[in-house]
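The structure appears right after this line, and notes come after that.
Just so you know, these numbers use all the heavy atoms, side chains as well, and skip hydrogens, waters and symmetry mates. Residue numbers begin at 1 in each chain, while the letters A, B, ... track the order of the sequences.
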Amino acid sequence: MSIYDSLNDMQQKAVYQTEGPLLILAGAGSGKTRVLTHRIAYLMEEKGVNPWNIMAITFTNKAAKEMRERVDQLIGYGSESVWVSTFHSTCVRILRRFIDRLGYDNNFTIYDTDDQKTVMKEVCKRLDVDTKIYKEKNLLGQISKAKNEMISAEEFYANSASDFRQRKVAEVYMEYEKRMRANNALDFDDLLLKTVQLLENDEQVLAYYQDRFLYIMVDEYQDTNTVQFKFVSLLARKNRNLCVVGDDDQSIYKFRGANIRNIWDFEKTYEEAVVIKLEQNYRSTQNILDAANSVIAKNTERKEKRLWTENGKGELIDFHHFDNGYEEAEYVAYDISKKVRKGQRRYKDCAILYRTNAQSRMFEERFIAENIPYKIVGGVNFYGRKEIKDILAYLKTIDNGRDDVAVKRIINVPKRGIGLASLSKVQDYADGRGIGFYDALKEAEEVPGLGRATAKITPFVTMIQKYRSKLGLVSLTDLLDEILEETGYVKELELEDTDEARARIENIDELISKLATYVEQEETPTLGEFLEEVALVADIDSLEEDSDYVVLMTLHSAKGLEFPNVYLAGMEDGLFPSFMTITSDDPMEIEEERRLCYVGITRAMEELHMSSARMRMVRGETQYNKISRFVREIPSDLFQHEIEKEKAKPEEKVGSYQVAKQAFRSKPMVGKQFTVTKAEKLSYVEGDKVNHRMFGIGQVLNITEGGRDYEVTVEFEKVGIKKMFASFAKLEKMS
DNA sequence: CAGCCATATCTTTTT
DNA sequence: GATATGGCTG
């Protein structure tokens with residue numbers, strides 16, 4: 001009796017296939033982590049492979065941690081030497097050691113999205129880029145895309161000669177790179193990109209890692225992008241023992257550069273590859289799998305798989321159509337507390353999954369009212385909070401004096417009376433001398449025109465220098481305490497005496513204990529390493545098994561998780577699938593959305609609920625959405641109740657109630673609203689066909705005269721009924 | 001220079 | 001509806 005006997009035939013085959021390229025197509029819930037962990041165990045125990053010659057790469061820290069724990073349980077020795085980590089931390093480890101060969105300093109800092117934005121703002125200012133036309137976020141998106149495709153700033157520039165806009169973006173890209181380098185900082189994309197550059201340009205380093213990682217395993221392969229693909233290929237080129245695990249039906253990160261072709265073309269890239277399909281599902285009931293299968297079957301391009309299970313049929317799917325989002329939240333809250341009260345479920349058995357983070361708010365409000373413990377994953381990341389970023393910026397400044405973004409963030413926090421004018425003088429001085437911002441601060445008295453501000457800057461510099469000299473002498477926790485004490489950061493919040501300030505203090509306390517935990521864990525804790533760890537955590541990593549709360553998160557965050565009882569909320573056309581994908585010309589977009597739905601359904605083990613709302617507030621405007629097409633793709637005999645047919649004439653639904661409510665609401669504002677531009681007369685009337693630049697063609701159902709503007713209700717062919725202000729909507733009448 | 005108020009934009013998803 | 005940004009004033 002060996003540990004491998006508990007695996008099914010296909011799983012065993014995957015475990016025993018240790019040599020050469022291997023593609024494991026693992027359907028949802030088919031035990032792929034089991035296979036990977038057993039495979040690692042098998043390599044060590046039966047094949048005598050040294051643990052440090054094995055590498056397993058995942059996307060999240062949570063997955064990495066889980067894998068390591070399970071290998072530990074399986075073999076109980078040597079597992080700590082197996083290299084199990086995420087793409088990003090793997091790269092950081094490599095770069096910390098060798099990035100000096102690319103001309104960077106080895107103690108580079110990692111910039112998150114916020115920091116990138118700050119840099120981008122400066123870039124735009126410097127290059128005189130009109131951020132009304134070229135949005136910072138958009139520019140960063142283009143740069144990120146280029147980096148994911150391994151296009152350097154220089155190449156981008158060379159390719160942009162013909163297009164004015166592209167040329168502008170190229171200039172921004174170059175300046176952005178220049179600043180990142182000056183700050184000795186890398187963004188998330190750089191971590192991968194620089195590592196690949198290093199491996200490509202430095203034979204020594206490449207050979208070192210190729211000989212180190214003799215067996216490579218990659219989890220969630222369907223979500224790898226071009227750089228990640230390149231990274232893995234380079235490492236595996238010599239020994240070719242590359243095992244990738246994934247499910248093309250769960251590829252949901254295209255927007256982040258993931259290339260589903262990587263998994264589709266694996267057999268072309270590695271001609272000798274062995275392919276193994278895992279289709280037996282151990283997670284869900286047959287009904288849930290049937291629903292998932294029928295939805296995903298609508299996709300045209302995919303590797304055929306059909307999940308089956310030995311579990312019973314189980315319960316039917318529960319679908320509800322509510323009038324609005326409040327009722328939806330109310331029902332879910334009620335249903336969960338009922339089940340907990342009856343002892344059928346614990347809170348942690350239940351998860352609410354939605355398309356957009358914004359949807360979490362209503363559930364949150366309801367759960368607070370009903371006293372249901374909950375945890376929201378995603379949204380504003382803990383490390384994205386203002387107070388946390390401020391304090392981390394202090395630590396970063398102390399750790400790496402070249403991190404201008406960090407210095408600028410805190411130089412006037414708490415208020416020291418150092419304003420923008422002074423800062424730009426310092427910046428000019430720094431630019432003129434070709435030195436960093438912080439170094440310029442050190443020479444404040446040399447900076448022309450600073451005047452009185454010098455006296456405010458000097459104490460700040462002295463303080464930072466003091467802490468810097470203390471590094472390594474006092475413990476990190478003491479250092480942080482001193483900083484908080486000396487700057488008066490917490491004291492200021494205490495004086496504020498608001499709920500918000502108290503929440504911020506709590507967050508700071510949590511950061512303190514995180515630092516303390518880190519210091520305890522590590523043999524030789526360093527500030528730099530702590531900052532790095534912090535930079536690479538995702539929110540999902542914080543999910544704890546042992547606490548009992550309902551989990552709320554986006555469908556994206558839910559990938560890889562499972563819950564006995566799942567609620568898929570907001571199943572509406574326009575929300576899920578989103579307008580963007582409905583109106584897109586590219587049919588692949590809706591397919592990606594459908595895969596997301598497939599991911600959602602397959603999270604459920606025993607019970608699956610779905611719900612839609614007829615009316616929903618989205619960014620301050622009311623939308624009337626139809627039931628999601630995905631719901632209708634599920635055979636009706638899988639539902640507990642019959643789902644209403646689509647209304648032929650949806651006009652009734654808008655009805656008099658809506659008009660009356662609208663008139664009522666706009667009345668008190670009438671007086672002053674007349675000053676606002678209001679079209680004298682609209683070019684269309686009820687019943688006309690109109691065109692909207694986003695939503696396409698539709699028919700005008702209703703026009704209401706509000707105080708400020710006409711409110712027009714239109715039923716669009718693609719996205720359903722929308723209510724909009726005439727002056728914003730810019731509807732064009734069609735003949 | 002800091003605090004207040006008006007406006008604009010957001011909503012797809014995140015390592 | 002909520003938040004980030006920009007402009008204005010004290």
Side-chain angles (χ1 to χ4, degrees), chain A residues 57-64 85-92 110-114 116-118 121 131-132 135-138 140-141 144 147-148 186-192 219-220 223-225 227-228 251-258 325 353-362 365 377-381 383-384 386 412-423 452-453 456 535-541 553-560 570 574-584 589-590 592-593 595-597 599-600 616-623 676 694 728:
Chain A
I57 305 184
T58 62
F59 274 84
T60 65
N61 294 305
K62 187 172 187 287
S85 72
T86 65
F87 271 105
H88 294 270
S89 41
T90 299
C91 289
V92 171
I110 301 165
Y111 277 4
D112 66 12
T113 327
D114 257 28
Q116 284 180 277
K117 232 175 170 175
T118 313
K121 265 185 208 150
T131 50
K132 290 256 157 42
K135 300 246 166 57
E136 284 103 336
K137 231 175 122 187
N138 192 280
L140 282 168
S144 169
K147 286 184 177 180
N148 284 161
L186 300 182
D187 60 31
F188 283 129
D189 301 318
D190 285 333
L191 296 178
L192 268 306
D219 195 12
E220 309 279 15
D223 287 326
T224 50
N225 61 29
V227 207
Q228 286 159 344
S251 165
I252 53 173
Y253 282 110
K254 188 177 170 205
F255 69 93
R256 209 168 66 193
L353 310 181
Y354 36 74
R355 181 68 239 266
T356 65
N357 276 310
Q359 286 167 259
S360 67
R361 225 194 67 240
M362 255 178 237
E365 283 168 6
V377 177
V380 191
N381 189 313
Y383 293 104
K386 210 179 301 161
N412 203 28
V413 177
K415 304 263 177 294
R416 297 189 177 87
I418 305 169
L420 235 64
S422 310
L423 291 185
R452 292 194 315 273
K456 295 171 182 163
L536 295 176
V537 292
D539 214 34
I540 190 82
D541 300 335
M553 67 184 126
T554 62
L555 289 153
H556 281 89
S557 317
K559 197 179 62 161
L575 189 64
F576 185 38
S578 68
F579 318 116
M580 302 283 259
T581 54
I582 295 176
T583 50
S584 165
E589 298 224 348
I590 196 98
E592 170 129 344
E593 205 82 346
R595 290 194 288 268
L596 193 54
C597 182
V599 168
R616 186 181 292 277
M617 281 283 262
V618 176
R619 51 165 191 251
E621 280 200 18
T622 318
Q623 286 188 358
V676 182
M694 279 283 287
F728 284 111

Inter-nucleotide C1' distance (dG6(C), dT11(B)), Å rounded:
23 Å
Just call it for Ser89(A): base, sugar-phosphate, or nothing, with non-hydrogen atoms closer than 4.0 Å on any strand.
nothing
Mark yes or no for a side-chain to base donor-acceptor pair under 3.5 Å between His88(A) and dT15(B), with no hydrogen or angle criteria applied.
yes
Nearest-Å distance for atom pair NZ/P, residues Lys559(A) and dT15(B)
11 Å
Compare the minimum distances between each of dT13(B), dT15(B), dG3(B) and the side chain of Thr356(A), then state the nucleotide with the smallest one.
dT13(B)
Counting side-chain heavy atoms from C-beta on, which of dC10(B), dT12(B), dG3(B) comes nearest to Lys135(A)?
dC10(B)
Shortest non-hydrogen contact from Ser144(A) to Asp189(A)?
OG-OD2, 2.9 Å
Of Ser422(A) and Thr581(A), whose closest DNA chain B nucleotide lies nearer the 5' terminus?
Ser422(A)
Here the distance between atom P of dT13(B) and atom CZ of Phe59(A), to the nearest Å, is 19 Å
Less than 3.5 Å apart, any donor N or O on the side chain of Gln359(A) or Thr356(A) sitting next to an acceptor on the other?
yes
Under the criterion side-chain contact (heavy atoms from CB on, under 4.5 Å), I'd like the reasoning laid out for Leu140(A) against Lys117(A): C-alpha separation, chi angles, the key distance, then a yes or no.
CA-CA 8 Å; Leu140(A) 282 168; Lys117(A) 232 175 170 175; 4.2 Å; yes
Under 3.5 Å, side chain of Ser578(A) to main-chain N/O of Gly574(A), donor-acceptor pair present?
no
In whole Å, I'd like the distance from the CG atom of Leu575(A) to the P atom of dT13(B).
11 Å
Criterion side-chain contact (heavy atoms from CB on, under 4.5 Å) on Thr554(A) and Tyr354(A), from CA distance to verdict
CA-CA 5 Å; Thr554(A) 62; Tyr354(A) 36 74; 4.0 Å; yes
Rounded to whole angstrom units, what separation is found between the CG atom of Asp223(A) and the P atom of dT13(B)?
16 Å
Quick check for you: among dC10(B), dT12(B), dA2(B), whose closest atom lies nearest to any side-chain atom of Ser578(A)?
dT12(B)
Look at all strands and tell whether Asn148(A) reaches a base, only sugar-phosphate, or nothing, counting heavy atoms closer than 4.0 Å.
nothing
Between Thr118(A) and Tyr111(A), is a side-chain contact (heavy atoms from CB on, under 4.5 Å) present by the stated rule, with each step listed?
CA-CA 10 Å; Thr118(A) 313; Tyr111(A) 277 4; over 6 Å; no
For Lys137(A) and dT11(B), is the shortest distance between a side-chain N/O and OP1 or OP2 below 4.0 Å?
yes
Give a yes/no answer on whether the side chain of Asn225(A) brings an N or O atom under 4.0 Å of OP1 or OP2 in dT15(B).
no
Regarding Ile418(A), tell me which of base, sugar-phosphate or nothing describes its non-hydrogen contacts under 4.0 Å with the strands shown.
sugar-phosphate
Side chain of Phe255(A) only, please: which of dT14(B), dA2(B), dT15(B) is the nearest?
dT14(B)
Nucleotide nearest Phe188(A) (side chain, heavy atoms from C-beta), chosen from dG3(B), dC1(B), dT15(B):
dT15(B)
To the side chain of Thr554(A), which of dA2(B), dT15(B), dT14(B) is closest?
dT14(B)
So what does Lys254(A) hit on the nucleic acid, given a heavy-atom distance under 4.0 Å: a base, only sugar-phosphate, or nothing?
nothing
To the nearest angstrom, the CE-P distance between Met553(A) and dT14(B) comes to 11 Å
Detail all sub-3.5 Å separations between protein N/O atoms and N/O atoms belonging to nucleotides 2-10 of chain C.
unit_1	atom_1	unit_2	atom_2	d
dT5(C)	OP1	Lys121(A)	NZ	2.8

Which part of the nucleic acid, if any, lies within reach of Leu420(A) when heavy atoms closer than 4.0 Å are counted: base, sugar-phosphate only, or nothing?
sugar-phosphate
Check the angle between the aromatic planes of His88(A) and Phe188(A) and answer parallel, tilted or perpendicular using the 30° and 60° thresholds.
perpendicular
When we call it a touch if two heavy atoms are under 4.0 Å apart, what does Ser557(A) touch: a base, just sugar-phosphate, or nothing?
sugar-phosphate
Send over the distance from Tyr253(A) OH to dT14(B) C1', rounded to a whole Å.
6 Å
Rounded distance in Å - CZ (Arg256(A)) to P (dT15(B))
6 Å
Length of the CG-P vector between Asn138(A) and dA8(B), whole Å:
20 Å
Keeping the roles fixed (side chain from Glu592(A), backbone from Glu589(A)), state whether a donor-acceptor pair exists under 3.5 Å.
no
When you measure from the side-chain N and O atoms of Asn412(A) to the phosphate of dA2(B), is any distance below 4.0 Å, counting only OP1 and OP2?
yes
Between Glu593(A) and Ala421(A), name the one whose nearest nucleotide on DNA chain B is closer to the 5' end.
Ala421(A)
Chi angles and distances behind the side-chain contact (heavy atoms from CB on, under 4.5 Å) call for Leu596(A), Phe576(A)
CA-CA 9 Å; Leu596(A) 193 54; Phe576(A) 185 38; 4.1 Å; yes
